[in-house]
Amino acid sequence: VTGDPQAVGGPVRYNPGGSETSAFAMAMTGALVYMPSTGRGRIAELAWLEDEGRSEPVGAGANDYRSPSLDPDGRRVAVHINSGGGPGDNDLWTYDIGTKNWSRLTRGLRTSTQIIWSADGQWLVYVADDPATGSDVWALPAGGNQQPRVIVKTPFADRSPRLSAD
């Protein structure tokens, strides 16, 4: 990205609970999806930012979405959805923007923080809470056809996973 900074949309919802993370994601194609700040607590809609700078809902409806992440092609968005009302009662879901279909990928894993797509769009990497260690890094096929597996388990609170492009 080059040039002078320019506001392209907003206001964007963010998490003021210590992480100060903003709720948006960009695909390698340049597509941008974000959660507008609505003033209605944590309930928001996922929205595209159009080329002209206007916001357009993706059609997923309003919910308590957390940490949106677009797949590399910009066709699917992975989000945590708060399912139980508590701060850690989040499960991982994907939404196919073209077909408008939701897929629930986890149940009761208390997922949190960022979701990372593999470069080929086949895997999701995320952090889930663990009472013994604080949190661990997990991987799950994006199709949801296998059980999640822990890939980093240490006695520390693991956060902010990253994947190399290869």
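These values consider heavy atoms only, across backbone and side chains, with no hydrogens, waters or symmetry-generated copies.
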OG1 (Thr94) and CZ (Arg104) are apart, to the nearest 0.5 Å, by 12.5 Å
When you look at Trp93 and Ser103, which way does the side-chain contact (heavy atoms from CB on, under 4.5 Å) test go after all the steps? CA-CA 5 Å; Trp93 294 73; Ser103 297; 5.9 Å; no
Asp96 and Arg75: salt bridge (charged side-chain N to carboxylate O under 4.0 Å, His left out), yes or no, with the steps? CA-CA 6 Å; Asp96 186 304; Arg75 296 176 299 137; 5.8 Å; no
Minimal non-hydrogen separation, Arg76 against Gly121, with atom names: NH2-O, 2.8 Å
Val152 and Asp136, any side-chain heavy atoms less than 4.5 Å apart: no
Group every Ile, Leu, Val, Met, Phe, Trp and Tyr by side-chain heavy-atom contacts under 4.5 Å, then state whether Trp123 and Tyr126 land in the same group. no
Is there side-chain contact between Leu140 and Leu92, with heavy atoms separated by less than 4.5 Å? yes
Checking the side chain of Arg149 only, and the main-chain atoms of Ile151 only, is there a donor and an acceptor separated by less than 3.5 Å? no
Give, for atom CG of Leu124 and atom CG of Leu105, the distance between the pair rounded to the nearest 0.5 Å. 6.5 Å
Side chain proximity check, Trp102 to Asn63, heavy atoms < 4.5 angstrom: no
Any side-chain heavy-atom pair of His80 and Asp91 under 4.5 Å: no
Partners of Gln147 by side-chain hydrogen bond (donor to acceptor under 3.5 Å, both in side chains), sequence neighbours excluded? none
Closest contact, heavy atoms only, Pro141 versus Asn145: CB-OD1, 3.5 Å
Quick one, Tyr95 and Lys100 - any side-chain contact, counting heavy atoms below 4.5 Å? yes
Provide the closest heavy-atom pair for Ser118 versus Pro72 in the form atom of the first, atom of the second, distance. O-CG, 3.4 Å
To check you understand the geometry: which heavy-atom pair defines the closest contact between Ile97 and Gly74, and what is its length? CD1-O, 4.1 Å
Quick one: closest heavy-atom pair of Trp117 and Ser69, and the distance? NE1-O, 2.9 Å
Considering all heavy atoms of both residues, which atom of Ile115 and which atom of Ser67 are nearest to each other, and what is their separation? CD1-O, 3.4 Å
